[in-house]
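If you read the sequence from its start, that first residue is 1, and numbering goes on from there.
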Amino acid sequence: MVFLNPAEGVKGVSNFVKCFVSLKQNHVFRRLYNKGKHGVTPTLAIYCKGNGRSYNRLGLTVGTKVGKAVCRNRVRRRLREIYRLHAGELKTGYDLVIVARVRAAHVSYWELERAFLQMADKLGLRQKDLP
């Protein structure tokens, strides 16, 4: 999944969305698990490591313990939306893996968002000087 500049060629839209790419390769996930910084809350865990690029890459992991397919997909959609809304606040050049824990299926969107922002602050992923 690649989000480049969607404002290009669209009338009335002037916001620039930072681009990010989905992580798909197993070795990249393993590298983040083993060598990346991490933060944990009861609902999710975030692993991050610099990637030397000018954009972020995002990986989502929602295991079968979280629930059946409908429940896992709901959690995945929520996490993707949380990341999309806050991508402008995050520093660029990082690989991120967000691991949903079992409690993520039973909490509201707002609690997931609060946990994400709390971990982003702890890991130093959020920019300090936002306009």
Side-chain angles (χ1 to χ4, degrees):
M1 172 188 303
V2 177
F3 291 99
L4 294 175
N5 187 353
E8 218 169 81
V10 179
K11 291 183 180 178
V13 178
S14 62
N15 293 347
F16 179 79
V17 177
K18 289 187 179 184
C19 63
F20 70 93
V21 179
S22 291
L23 291 176
K24 302 238 186 256
Q25 294 136 348
N26 191 21
H27 69 89
V28 178
F29 278 84
R30 284 197 322 258
R31 179 182 63 120
L32 284 168
Y33 293 145
N34 293 330
K35 296 185 179 182
K37 294 189 334 185
H38 65 279
V40 179
T41 68
T43 55
L44 55 86
I46 298 179
Y47 296 84
C48 69
K49 186 168 176 30
N51 62 15
R53 295 180 168 92
S54 62
Y55 54 88
N56 291 337
R57 298 190 299 179
L58 176 69
L60 296 173
T61 303
V62 184
T64 55
K65 284 184 179 182
V66 173
K68 298 199 180 209
V70 173
C71 184
R72 292 195 308 268
N73 288 331
R74 183 185 313 116
V75 170
R76 207 173 286 125
R77 282 192 309 268
R78 285 178 174 179
L79 291 173
R80 220 178 285 127
E81 180 66 6
I82 289 167
Y83 181 82
R84 185 187 71 82
L85 291 175
H86 296 285
E89 302 173 20
L90 300 177
K91 296 177 182 175
T92 56
Y94 283 92
D95 288 343
L96 297 164
V97 172
I98 302 174
V99 180
R101 302 178 81 191
V102 177
R103 279 190 176 174
H106 307 292
V107 298
S108 70
Y109 170 86
W110 306 110
E111 292 179 59
L112 273 179
E113 185 178 38
R114 185 173 44 232
F116 174 79
L117 294 174
Q118 177 185 0
M119 283 300 101
D121 284 337
K122 178 185 175 206
L123 295 171
L125 295 174
R126 289 178 78 185
Q127 295 176 359
K128 302 284 186 213
D129 54 344
L130 288 175

Evaluate whether atom NE2 of His86 has more than 12 neighbouring non-hydrogen atoms of other residues, nucleotides or ligands under 6.0 angstrom away. yes
Asn56 versus Tyr94, closest heavy-atom pair with distance: OD1-N, 3.0 Å
Which pair of non-hydrogen atoms, one from Thr43 and one from Ala104, has the smallest distance, and what is that distance? O-CB, 3.4 Å
I want to check something: taking the side chain as every heavy atom from C-beta on, are Glu113 and Phe116 in contact at a cut-off of under 4.5 Å? no
What heavy-atom pair brings Val75 and Ala105 nearest, and what distance separates the two atoms? CG2-CA, 3.9 Å
Do Val99 and Tyr33 come close enough that some side-chain heavy atom pair is under 4.5 Å? yes
Salt bridge check, Glu81 against Arg78: does any charged N sit closer than 4.0 Å to a carboxylate O? no
Supply the atom-to-atom distance His38 NE2 to Asn34 CG, rounded to the nearest 0.5 angstrom. 11.5 Å
Mind checking whether Leu112 and Val70 sit in one hydrophobic cluster, side chains of I, L, V, M, F, W, Y counted as touching below 4.5 Å? no
Given Tyr83 and Leu60, is the side chain to side chain contact (heavy atoms under 4.5 Å, CB included) satisfied, shown in steps? CA-CA 10 Å; Tyr83 181 82; Leu60 296 173; over 6 Å; no
Could you pull out the closest heavy-atom pair between Arg103 and Pro42, with the gap in Å? NH1-CB, 3.2 Å
Can you check whether Gln118 reaches Thr41 side chain to side chain, under 4.5 Å on heavy atoms? yes
Just wondering, do Ile46 and Lys122 contact through their side chains at under 4.5 Å, heavy atoms? no
Say whether Thr61 and Tyr47, considering side chains only, have a donor N or O and an acceptor N or O under 3.5 Å apart. no
Are Leu44 and Tyr109 in one and the same hydrophobic cluster, where Ile, Leu, Val, Met, Phe, Trp and Tyr link if side-chain heavy atoms are under 4.5 Å apart? yes
Looking at residues at least two apart in the chain, or sitting in another chain, which of them share a salt bridge (charged side-chain N to carboxylate O under 4.0 Å, His left out) with Arg31? Asp95
Taking every heavy atom of His106 against every heavy atom of Val102, the minimum-distance pair comes out as CD2-O, 3.6 Å
When rounded to the nearest 0.5 angstrom, what is the spacing between CG in Leu117 and CD1 in Ile82? 8.0 Å
Lys49 side, atom NZ; Leu123 side, atom CG - distance, nearest 0.5 Å: 13.5 Å
Answer whether the closest heavy-atom distance between the side chains of Lys91 and Leu125 falls below 4.5 Å. no
Is there a side-chain contact between Thr92 and Tyr55, using heavy atoms and a 4.5 Å cut-off? no
Leu96-Val62 co-clustered via ILVMFWY side chain contacts under 4.5 Å: yes
Output for pair (Asp121 CG, Glu89 CD), nearest 0.5 Å, gives 9.0 Å
Do side-chain atoms of Arg57 reach the backbone of Val21 as a donor and acceptor pair under 3.5 angstrom? no
Nearest 0.5 Å, please: how far is SG in Cys48 from CE in Met119? 11.0 Å
Compare every heavy atom of Leu90 with every heavy atom of Ala120, then report the nearest pair and how far apart it is. CB-CD2, 4.2 Å
The reported gap from CG in Leu85 to CZ in Arg80 (rounded to nearest 0.5 angstrom) is 13.0 Å
